[in-house]
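Notes follow the structure.
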Amino acid sequence: MSKKISILGSTGSIGRQTLEVVDEFPDRFQVVALAAGSNVDLLTEQALRYRPLQVAIMDESRAGKLAQNLAGLNIEVVAGLDGLTAAATNSKAKLVVTAVSGCIGLVPTLSAIRAGKNIALANKETLVAAGALVKAEAEKHGVDILPVDSEHSAIFQCLARENRAVSRLILTASGGPFRGRSRSELLKVKRAEALKHPNWAMGEKITIDSATMMNKGLEVIEAHWLFGVDWEQISVLVHPQSIIHSMVEYEDGSILAHLGRPDMRIPIQYALSYPERAGNTLPKLDLAGKTLSFEAPDVEAFPALALAFGAGRRGGTLPAVMNASNEAAVNLFLQEQVSFPEITRLVEEVMSRHTVVDAPNLEQILASDAWAREETLRLAAIHRSAP
Ligand code: NDP
Ligand code: MG
């Protein structure tokens, strides 16, 4: 029998690649719900092709158009955050792929967990903002959180082989488009350059996060919650070729590494088919002639990593604040309203102004998230008007 899946963020980079995996295994997976932000045309196209029971669109002003496009097909159209949550908890779904961008995925993801759905998690911001809460709910409801992020999929697979006497998780990072640049050189970089990732084609927000290395910072926090390891046991190693997707070091000095072509369809497929592994038609990695290199991250030019370790260690609402401020600052950069280094400068300033709430509940996390977004916009406006 096929596994029934719901995809939140089906019109995005991960969402579209998830549907490519479904195309490869039409007998294994069946799409029962799709959800997107505002791209009605693509969502319509996907609905016509995959014939889900339900489609959700966040932008309520576009729900009418979507319903019109799908009239007479017996596909329920829902809208807004309640619509996304309905798609996340669709009674037929066994597995929910969370591939929206940003902390907006938190409420639907928590609802899916509470409805007993297994989660294929791409939406790392959810785990950064509310790791303790998400993990506690997942344990309470006996659901699996399966990583889609390539680094975490790699570690998950290494740990499945051997999870005793682990001394360290080594997250690899490509270093992004600005690897090797100094702090002052980064002052001048433009939006278009920051959007050119050397190894991966991804959505805009995560591409900018990769350029600032905040993506790796978010992944450190994601790894802490997914694998239950201490902060001292997580390290980051720059590996520009993105062939080793991450490693686990053991107490005897052995290291297990996971290698593969940089292609998100591989970790997506693993999360979808877990605990099984299936053959596919993707090209295989040919290592002959390849050189793998490694270097320590440049923590001076890229302060985001230290911010994330600091937020993770302090805990409470601070990671949610860091994440929300980063989302707001990245948006400002994409609108060409702040410089590249100002993204992390704003995040740092907002974090320093936050009064941390310990062991926060969902409402407190959402309130901190909203405060951090406003504070980021406020500070950016002050910086702009400063002489
Ligand atoms: P994209 O920007 O390509 O896609 C984002 C998706 O989320 C789209 O379907 C978009 O809908 C939807 N969306 C955006 N804003 C909202 C909103 N406010 N409400 C509801 N839906 C919304 O992002 P990616 O696919 O690159 O990334 C998705 C997630 O996966 C992120 O958390 C990212 O960190 C993570 N990830 C991505 C990787 C990648 O290779 N791309 C790798 C590892 C993790 P629409 O377009 O219709 O507006
Ligand atoms: Mg990653």
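Worth knowing before you read on, the calculation uses all heavy atoms, side chains too, and leaves out hydrogens, waters and symmetry mates. Not measured: the values here are computed from a predicted model. We count ligands from 1, going down the list as the structure has it; atoms in each ligand are counted the same way.
In this structure, atom 46 (O) of ligand 1 lies nearest to the protein heavy atom Thr11 OG1, 3.2 Å. The closest protein non-hydrogen atom to atom 23 (O) of ligand 1 is Gly203 CA, 3.8 Å. In this structure, the protein non-hydrogen atom closest to atom 43 (C) of ligand 1 is Asp149 OD1, 3.1 Å. Protein heavy atom in closest approach to atom 36 (N) of ligand 1: Ile206 CD1, 3.6 Å. Among all non-hydrogen protein atoms, the one lying nearest atom 31 (C) of ligand 1 is Val100 O, 3.7 Å. Among all protein heavy atoms, the one lying closest to atom 3 (O) of ligand 1 is Ser13 N, 2.8 Å. If you check which protein heavy atom lies closest to atom 4 (O) of ligand 1, you get Gly12 CA, 3.1 Å. Among all non-hydrogen protein atoms, the one lying nearest atom 32 (O) of ligand 1 is Glu125 OE1, 2.7 Å.
Looking at Ala201, Pro147, Pro267, Gly37, it is Gly37 that brings a heavy atom closest to atom 21 (N) of ligand 1. Between the choices Arg16, Met58, His152, the shortest heavy-atom distance to atom 19 (N) of ligand 1 belongs to Met58. Taking only non-hydrogen atoms, the option from Ser210, Gly9, Ser101 nearest to atom 14 (C) of ligand 1 is Ser101.
Note: Phe333 and Phe340 have perpendicular aromatic rings, judged against thresholds of 30 and 60 degrees for the angle between ring planes.
Counting only N and O atoms by type, the side chains of Glu24 and Asn280 include no donor and acceptor under 3.5 Å apart. At a cut-off of 3.5 Å, with distance as the only test, no side-chain donor of Asn331 or Glu327 sits close to an acceptor on the other residue. Inspection of the Ser153 and Gln157 side chains reveals an N or O donor paired with an N or O acceptor under 3.5 Å. Side-chain polar atoms of Asn199 and Ser242 form a donor-acceptor pair below 3.5 angstrom. Side-chain contact of Gln241 with Thr291: a donor-acceptor pair under 3.5 Å is absent, judged by distance alone.
Taking every non-hydrogen atom of Ile14 and a distance limit under 4.0 Å, the qualifying atoms of ligand 1 come out as 25 (O), 30 (O), 37 (C), 38 (C), 39 (C), 40 (O), 41 (N), 42 (C). Below 4.0 Å from some heavy atom of Met202 lie the following atoms of ligand 1, by number and element: 26 (O), 39 (C), 40 (O), 41 (N). Against a heavy-atom cut-off of under 4.0 Å, Ala122 is close to the following atoms of ligand 1: 30 (O), 32 (O), 35 (C), 36 (N), 44 (C). Annotation for ligand 1: atoms under 4.0 Å from non-hydrogen atoms of Ala36 are 11 (O), 21 (N), 47 (O).
Rounding to the nearest 0.5 Å places CD1 of Ile14 at 8.0 Å from CG of Asp149.
Assignment of Lys124 to the shell around ligand 1 is supported, since a heavy atom sits closer than 4.0 Å. Residue contacts with ligand 1: Ser38 is included, with a non-hydrogen atom under 4.0 Å away.
Under 4.0 Å from ligand 1, heavy atoms of Asn39 appear from its side chain as well as its backbone. Looking at Ile104 against ligand 1, only its side chain comes within 4.0 Å, counting heavy atoms. Of the heavy atoms in Ala99, only backbone atoms (N, CA, C, O) come closer than 4.0 Å to ligand 1. In Met264, the part holding a heavy atom less than 4.0 Å from any atom of ligand 1 is the side chain.
For the pair Pro319 and Gly315, the tightest heavy-atom approach, listed with the atom from each and the gap, is CD-O, 3.4 Å.
Ser246 places a side-chain N or O within 3.5 Å of a backbone atom of Thr172 that can act as its donor or acceptor partner. In this structure, the side chain of Ser6 does not engage the main chain of Val32 through any donor-acceptor pair within 3.5 Å.
Here Leu187 sits alone; no ILVMFWY side chain lies under 4.5 Å from its own, so it joins no hydrophobic cluster.
Around the CG atom of Asp358, the shell of radius 6.0 Å holds more than 12 heavy atoms that belong to other residues, nucleotides or ligands. Within 6.0 Å of the NZ atom in Lys3, the count of heavy atoms belonging to other residues, nucleotides or ligands exceeds 12.
Shown here are the protein N/O/S atoms lying under 2.8 Å from the Mg ion (ligand 2), water excluded: Asp149 OD1, Glu151 OE1, Glu219 OE2.
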Show your working on side chain to side chain donor-acceptor pair (under 3.5 Å) between Thr11 and Asn39 and close with a plain yes or no. CA-CA 7 Å; Thr11 53; Asn39 189 343; 5.0 Å; no
Less than 3.5 Å apart, which donor and acceptor atoms pair up between the side chains of residues 304-312 and the rest of the protein, not counting sequence neighbours?
none

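Qualifying side-chain hydrogen bond (donor to acceptor under 3.5 Å, both in side chains) partners for Asp82, counting only residues two or more places apart in sequence or in other chains: none.
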